[in-house]
There are 4 protein chains.
Amino acid sequence: MAEDRAPVTRRRADARRNIDALVEAAGAVFATSGVEAPAKEITDLAGVGVGTLYRHFPHRADLVKAVVESGIDAVAQAGPALAAGHPPAEALRLWARRFTELIATKRGLASALQSGDPAFRELPGYFLRRLGPIVADLLDAAVTEGTVREDLGAEDLLHALTMLSQPAPGRGIDHNQRVVAVFLDGLRHDPAR
Amino acid sequence: MAEDRAPVTRRRADARRNIDALVEAAGAVFATSGVEAPAKEITDLAGVGVGTLYRHFPHRADLVKAVVESGIDAVAQAGPALAAGHPPAEALRLWARRFTELIATKRGLASALQSGDPAFRELPGYFLRRLGPIVADLLDAAVTEGTVREDLGAEDLLHALTMLSQPAPGRGIDHNQRVVAVFLDGLRHDPAR
Amino acid sequence: MAEDRAPVTRRRADARRNIDALVEAAGAVFATSGVEAPAKEITDLAGVGVGTLYRHFPHRADLVKAVVESGIDAVAQAGPALAAGHPPAEALRLWARRFTELIATKRGLASALQSGDPAFRELPGYFLRRLGPIVADLLDAAVTEGTVREDLGAEDLLHALTMLSQPAPGRGIDHNQRVVAVFLDGLRHDPAR
Amino acid sequence: MAEDRAPVTRRRADARRNIDALVEAAGAVFATSGVEAPAKEITDLAGVGVGTLYRHFPHRADLVKAVVESGIDAVAQAGPALAAGHPPAEALRLWARRFTELIATKRGLASALQSGDPAFRELPGYFLRRLGPIVADLLDAAVTEGTVREDLGAEDLLHALTMLSQPAPGRGIDHNQRVVAVFLDGLRHDPAR
DNA sequence: TATGAATGAGGTTTCATTCAT
DNA sequence: GATGAATGAAACCTCATTCAT
């Protein structure tokens with residue numbers, strides 16, 4: 001119907017801007033008020049009407065997913081890069097550090113991932129599909145190398161890292177990094193034990 | 001209203017029965033629907049009116065606290081007993097096992113403990129006050145003995161155990177016991193490392 | 001739990017009063033603004049909170065059904081009475097008169113009955129179950145007597161009466177009575193035709 | 001915006017195509033979801049933006065009117081033709097048959113005609129203005145001939161036919177034709193009665 | 001004391017309508 | 001003229017909390 005396509009692309013740019021604003025605002029609001037924060041709080045911060053939120057993210061989980069997605073890519077991509085440049089166990093440790101940074105600054109996301117709330121039912125699956133393979137590769141390499149114990153699956157590890165990376169009230173990210181480090185120590189294979 | 005007023009003690013017994021029913025029901029409902037479950041769900045299960053809930057537990061946190069309390073005592077008391085009968089590191093490990101059993105079967109409690117929700121603001125404090133000293137004693141003994149590293153505080157440890165004990169969707173308590181064991185391995189002091 | 005039952009009955013009376021007020025208000029509002037009128041309009045007229053409406057009538061159809069029910073009984077009961085005191089064709093005509101009075105003063109109900117809106121899916125069934133047998137008895141008697149044609153089912157007749165009894169904008173109930181009378185004339189069995 | 005502006009007539013053709021698509025789509029959607037169906041549903045089916053709908057049909061009633069109009073002309077024109085080729089009473093019967101075909105396949109239109117909704121306030125007037133005279137002519141001829149009773153006005157008749165032609169859930173157009181036939185039988189003048 | 005009906009604030013969601021492109 | 005993104009009012013519905021009985 002529209003002979004000239006130009007306006008369409010222009011419009012898309014506007015929409016894109018709103019979508020980005022929403023995801024950013026949602027990230028901030030989730031961090032403050034949790035994943036169940038009122039939609040209004042998010043749209044106000046994004047400077048956008050409620051309708052716009054629902055147009056782009058019909059379900060709450062869509063928005064949460066977008067927020068997760070917005071940070072997850074860099075972490076996912078870091079996996080292969082670290083594997084290439086470091087010995088397996090070290091690569092795993094460095095990757096976990098990155099992962100903790102991601103989760104620890106996104107209060108409430110992890111709890112959404114395991115909340116059991118039907119609205120978020122798909123999220124853990126998405127999360128695992130996206131990061132599971134990266135962890136599996138890192139873990140397998142270290143197990144093959146013989147420096148890491150083999151009795152813990154990639155998903156178990158991912159879940160443990162997720163929980164330990166949860167922001168703890170009254171403590172900073174250092175706390176998370178410390179307990180994650182302890183956990184990874186425990187993961188080291190030590191035949192003498 | 002009631003012409004035949006039952007003796008006071010009789011009433012007390014009734015109240016006690018209701019309180020117990022409420023706490024038990026709340027535990028079950030929290031496990032199924034999370035700590036934010038509708039009050040009605042709890043009172044229906046307890047076979048009691050909503051008013052009764054509010055009489056005994058004016059705030060949601062009071063009820064959560066009661067539920068936590070109902071399981072926490074045995075775990076708290078187990079601390080000294082285990083310390084008396086086992087070497088420090090082993091005592092710590094056994095106690096952690098008990099603790100995990102408690103938390104892993106109370107879905108949602110840990111997340112309430114760290115939810116940041118103002119309604120639960122007092123809970124972490126209560127939790128720490130109650131269990132902090134027990135962990136501290138077990139931990140100090142092991143550090144003194146030299147079998148456990150000294151760079152992790154009792155509260156950090158308690159928090160880490162709490163997170164790792166969270167029920168993971170699709171996995172059972174075995175998962176929690178496994179990752180807790182890994183964590184405790186990491187806690188062991190190993191000068192050779 | 002409550003030893004003395006008296007208060008319960010008392011309370012029921014209060015609730016009953018609200019329910020009656022709601023049904024009456026709904027009848028009035030449906031007549032003015034149609035069956036899809038905002039819930040608020042109804043509760044305001046009934047002098048009751050929205051919550052009360054939803055407690056007693058969780059679905060819109062429940063309320064419509066109650067409104068229908070509130071008038072339908074007298075009409076249903078009139079069937080046998082008229083059959084006993086009049087020749088069949090006359091009984092049918094008199095009953096139709098009563099039926100038209102009922103429907104014509106409840107603007108919008110009939111349209112709900114055949115709206116196709118999923119919310120009202122059960123209503124036509126309810127309506128037919130309630131009145132179908134009455135019409136069938138009246139009709140059968142007249143057919144047996146030989147004064148009424150036999151090629152129209154009771155449900156067809158009921159539906160036709162319902163449609164012709166719909167309040168017509170700008171016309172009063174006389175209009176409905178007149179067209180219903182014409183229809184019933186058409187129903188008369190006349191072998192000579 | 002558009003550098004290459006198409007000739008005006010070309011534009012007109014496009015607009016015409018859109019209008020036709022909208023009316024057709026509206027007819028289909030009204031049949032399925034009622035006259036109050038979301039605008040989006042209609043524009044999607046027409047393959048057109050919402051803005052286009054509002055440009056051509058600023059008010060919902062305009063669209064309904066267009067849909068009604070699209071079918072009404074043939075029926076209106078059939079009046080004189082039938083009057084010319086048949087005896088009055090027969091002409092009336094045949095015309096009613098055509099009318100029923102029109103209404104029975106346009107679910108929801110008749111209810112819009114008498115909904116009382118301010119948005120449709122003009123529709124009944126339009127409907128009567130268009131078809132009233134046709135019915136009046138047919139009716140007058142039959143009354144003059146002496147085969148049809150004279151105590152029912154053309155508008156009363158039109159309204160009755162409209163109601164009886166309403167699609168009945170679970171029944172087909174046969175049902176409507178049957179009850180309309182009964183009604184017309186009732187309309188016949190029979191001095192013997 | 002216990003009850004559960006009533007309340008209404010607060011959140012969600014839908015959709016008619018506008019308007020920049 | 002056409003588009004469809006954005007808007008926000010308006011409706012829905014749920015539930016924590018109060019309070020008359």
Testing dT12(E), dT7(E), dG8(F) for proximity to the side chain of V48(C), the answer is dT7(E)
Roughly how many Å is it from CG in D44(C) to P in dC12(F), rounded to a whole number?
12 Å
Reading DNA chain F from 5' onward, which residue's closest nucleotide shows up sooner: G51(B) or G51(D)?
G51(D)
Could you tell me whether H56(D) contacts a base, only the sugar-phosphate backbone, or nothing, with contacts defined as non-hydrogen atoms closer than 4.0 Å?
sugar-phosphate
Tell me: CG of L53(A) to C1' of dT14(E), nearest whole Å?
13 Å
I need the CG-P distance between D14(A) and dC19(E), as an integer number of Å.
16 Å
Ion pair check, R17(D) and D14(D), cut-off under 4.0 Å:
yes
Check whether any side-chain N or O of T52(C) sits under 4.0 Å from OP1 or OP2 of dA5(E), and answer yes or no.
no
Just checking E24(C): does its CD atom have more than 12 heavy atoms from other residues, nucleotides or ligands closer to it than 6.0 angstrom?
no
Could you please name the option among dG8(F), dT17(E), dA16(F) that lies closest to any side-chain atom of P38(B)?
dA16(F)
Among the nucleotides dT14(E), dC13(F), dA5(E), whichever has the atom closest to the side chain of Y54(C) is dC13(F)
In whole Å, I'd like the distance from the CG atom of D62(A) to the C1' atom of dT12(E).
15 Å
Given DNA chain E, 5'-ward residue of the pair P58(D) and G47(C), judged by closest heavy atom:
G47(C)
Integer-rounded Å distance: dT14(E) P and E36(D) CD:
18 Å
Which heavy-atom pair separates A37(B) from R60(B) by the least distance, and what is that distance?
O-NH1, 2.8 Å
Residue matched to dA20(E) through Watson-Crick or wobble contacts both under 3.5 angstrom
dT3(F)
Between atom NZ in K40(D) and atom P in dA6(F), what is the gap in whole Å?
13 Å
What is the distance, to the nearest angstrom, from the CZ atom on R55(B) to the P atom on dT1(E)?
6 Å
Nearest 0.5 Å, what's the CG-NZ distance between L53(D) and K40(D)?
12.0 Å
Can you confirm whether V35(B) sits close enough to V67(B) that some side-chain heavy atom of one is under 4.5 Å from a side-chain heavy atom of the other?
no
With a 4.0 Å limit, can you tell me whether N18(B) has a side-chain N or O closer than that to the phosphate oxygens OP1/OP2 of dA2(E)?
yes
Between P on dT12(E) and CZ on F57(A), what's the gap in Å once rounded to a whole number?
15 Å
Minimum-distance nucleotide to R60(C) side chain [options: dA16(F), dT18(E), dC12(F)]:
dC12(F)
